[in-house]
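Notes follow the structure.
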There are 2 protein chains.
Amino acid sequence: MSKRVTINDVARTAGVSRQTVSRALNDKGEIDGSTKQRVLDAARELGYRPSRFARGLVRQDTTTIGLVIPDLLNPFFTEVAAGALEAARARGWHVIVYDTAGSDEEERGTIEVVVSQVDAVVGYFNLAESELDAHLSGMPAVLIGREHQTPRFSSIRIEGAAGVREAVDHLVANGHRRIGMLDYEERSRPSIRHSWFADAMSAHGLVADAVGNAVQSVDGGTEALTDLLARRPDLTAVFAFNDVIAVGALRAARRLGRAVPDELAVVGFDGLQLGTVVDPALTSVALDTRRVGALAIEQAGRLLAREPQLPPEELLVNAVLLVREST
Amino acid sequence: MSKRVTINDVARTAGVSRQTVSRALNDKGEIDGSTKQRVLDAARELGYRPSRFARGLVRQDTTTIGLVIPDLLNPFFTEVAAGALEAARARGWHVIVYDTAGSDEEERGTIEVVVSQVDAVVGYFNLAESELDAHLSGMPAVLIGREHQTPRFSSIRIEGAAGVREAVDHLVANGHRRIGMLDYEERSRPSIRHSWFADAMSAHGLVADAVGNAVQSVDGGTEALTDLLARRPDLTAVFAFNDVIAVGALRAARRLGRAVPDELAVVGFDGLQLGTVVDPALTSVALDTRRVGALAIEQAGRLLAREPQLPPEELLVNAVLLVREST
DNA sequence: TTGAAAGCGGTACCAA
DNA sequence: TTGGTACCGCTTTCAA
């Protein structure tokens, strides 16, 4: 790595002081036109590029947020990321994206690195709060889709009980009684969405006993529904943990020759754009995903500025039923 | 914004010098256990967080790449971004993602900001090379999917002539003669993909005279095919600029009651994952999108280190026909 | 209009 | 094991 060209080098070859170089480069007034030109020429010739560290050190204005997500290829996280990016840009902030590939190991590595690279971090974490707290060494953090205890943390909650209830109501109203679920278990425990589902079922006197487990991918959904239907061919409807899994389920239904929605109704969760490109278009308990990202940025901003936090009810994104064609 | 807590504050409250604080925080040896603990306590209490700028200034090791894409919600760019992120992580580099929303204005703003935030920039740019050159003020840049003249730039080329030729051969072999195209024009000029298509058509003595123009979105594809078929209902196959548009075309065909592939064959370009979730699965001239991103990072690294560039033939990503169900 | 000097917040190297 | 000092590269006073 050849030595860095500094402002001093430019100053020397242009025959001026470094302050003058700084003036020329930053378009400040108070500089002679020809001097400025001379400096600019010298800078170009030497291939000078100011150090962003030195600059940042002096004018501590730029804010950089780390966005941690498990999988950029999962459209849900992409939509959240897009929302975060947009909100950050509106404030002139930067976003460094970290993809943890859904692995705890990568997540640890990411956190280690994040600490020295950004001003605050937002995103989806899987590690225990105690571990996060220990390694984040005081950095403001906003957890998405997950509760927090430590006061230093903040979280954006996704409230889907009412939406899932709507979905089950809708299915029951359409005559469905045997409704299964494709869940996504974390740490071998049923998800919170599963409990929303179970509650909604009980309200109709039904039991949520037909549950399959899927990994978070389209293929995962295909596989899970295939398995579930093998065990419970009597199901007439399924609720999936999210749209990605539901889209996989749609594919499985097609392969198994079960027409959707007539022979099997499918409901997803998230309300992604993805649900509109499949056939039939996916009915889903929909979320404003962009808002999730935007809220996280907003909240990170408050943490950073030590401003009062948003009240809990503002840190909530509600999901509502969006009926399309798959039910 | 309350004043920043610096290493001096910690040193003062812990009653030691800042060098000692530095030692304690960086787990250097040569420090008494109790002193270290005292420093750590003080740091925690004050909520001290080291300035990444000051750190970066002194040990100038971290490399940050700016990734500029027009639309993070477009799965093609997401796949490229994922490839870039992965390649960057493997080197311990960071990636700041910029979404220009496909607007020249945003692109200008992005470039302005990028210059002082990253060490090199890679991505999709729309602005003229002269303008890029002027505002990038010497920063190494890798253009994706676009030729370059200025030697300081580098580019990752996408070579699809052979793949498109394969696609047209395949369609013709299946009896298609009236094949249309849904193009994506830039600056009101047919794309390079259109010319590949036209060449492939001529090779069979056919003319590429049924061309529609689409915006880069699923909806754009739907609209464009609807229009095109209104003008040219006799078409039996269409080749789309990319998979996103092709997926929209699939939807249009469905709405118009034209069965795919029997009454209309559809071929996309890019070979995205997206093509496997639709029904029928999309035949596409496929690209290794992750590799596109990875190559861009690799090349940026060489530019940065002033190492010899990769030879042009390595900076090429070839597309090949991937037959699925839509043809 | 220009330059000298003083930091910005850290780390490295030395001496104590 | 500690602290003093120089310095990273740049911008911001303040004089000249």
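In what follows, chains carry the letters A, B, and so on, assigned in the order in which the sequence lines appear, proteins first and then strands, with residues in each chain numbered from 1.
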**Message:** Do the side chains of D119(B) and R52(A) get close enough for a salt bridge, i.e. N-O under 4.0 angstrom?
**Reply:** yes

**Ion pair check, D99(B) and R89(A), cut-off under 4.0 Å** = no

**Complete:** Checking dG3(D), dG9(C), dC10(D) against the side chain of A54(B) (C-beta onward), the nearest is dG9(C)

**Message:** Which nucleotide wins on minimum distance to the side chain of T20(B), given the candidates dT2(D), dC10(D), dG10(C)?
**Reply:** dT2(D)

**Message:** From CG of L46(B) over to C1' of dG9(C), roughly how many Å is that when rounded to an integer?
**Reply:** 15 Å

**Complete:** With the side chain defined as heavy atoms from C-beta on, T6(B) is closest, among dC10(D), dG10(C), dT1(C), to dG10(C)

**Request:** Give a yes/no on whether any side-chain N or O of S51(B) is located under 4.0 angstrom from OP1 or OP2 of dC8(C).
**Result:** no

**Request:** When you get a sec, tell me which of dC10(D), dT11(C), dG3(D) is the closest nucleotide to the side chain of R55(B)?
**Result:** dT11(C)

**Prompt:** Hey, is the main chain of L72(A) close enough, under 3.5 Å, to the side chain of T78(A) for a donor-acceptor pair?
**Reply:** yes

**Asked** Base, sugar-phosphate, or nothing for V21(A), non-hydrogen atoms under 4.0 angstrom?
**Response** nothing

**Message:** Rounded to whole Å, how long is the line connecting atom CZ of R12(B) with atom P of dG3(D)?
**Reply:** 14 Å

**Message:** Whole angstroms only, please: what is the CZ-P distance between F53(A) and dT11(C)?
**Reply:** 13 Å

**Prompt:** What integer distance in Å separates I7(B):CD1 from dG7(C):C1'?
**Reply:** 16 Å

**Item:** D9(A) and R12(A) ion-paired at < 4.0 Å
**Value:** yes

**Complete:** Closest heavy-atom pair, T63(A) versus L304(A), reported as atoms and distance to 0.1 Å, is CG2-CD2, 3.7 Å

**Complete:** Which of dT12(D), dT2(C), dG10(C) is nearest the side chain of V58(A)? It is dT12(D)

**Asked** For K36(A) and L25(B), take the nucleotide of DNA chain C holding the closest heavy atom to each; which residue's nucleotide lies nearer the 5' end?
**Response** K36(A)

**Asked** Between R108(A) and E105(A), is there a side-chain N and carboxylate O pair less than 4.0 Å apart?
**Response** yes

**Request:** Could you check how far CZ of R52(B) sits from C1' of dT11(C), rounded to whole Å?
**Result:** 18 Å

**Request:** From the options dC10(D), dG3(D), dT2(C), select the nucleotide whose nearest atom is closest to the side chain of P50(A).
**Result:** dC10(D)

**Complete:** Closest to the 5' end of DNA chain D, once L57(B) and G15(B) are matched to their nearest nucleotides, is G15(B)

**Message:** From CZ of R38(A) over to C1' of dT1(C), roughly how many Å is that when rounded to an integer?
**Reply:** 12 Å

**Fill in**
Of the candidates dG10(C), dT1(D), dC10(D), the side chain of D32(B) sits closest to dT1(D)

**Item:** d(CD1, I31(A); C1', dT1(C)) in whole Å
**Value:** 8 Å

Between the protein and nucleotides 13-16 of chain D, are there any N/O to N/O pairs under 3.5 Å, and if so, what are the atom names and distances?
none

**Asked** Can a side chain N or O of N8(B) be found less than 4.0 Å away from OP1 or OP2 on dG9(C)?
**Response** no

**Sequence neighbours excluded - side-chain hydrogen bond (donor to acceptor under 3.5 Å, both in side chains) pairs with any residue from residues 109-118 of chain B** = none

**Request:** May I ask you to verify whether the side chain of R18(A) and the base of dG9(D) hold a donor-acceptor pair under 3.5 Å?
**Result:** no

Would you be so kind as to tabulate the donor-acceptor pairs closer than 3.5 Å made by side chains of residues 138-145 of chain B, with sequence neighbours excluded?
none

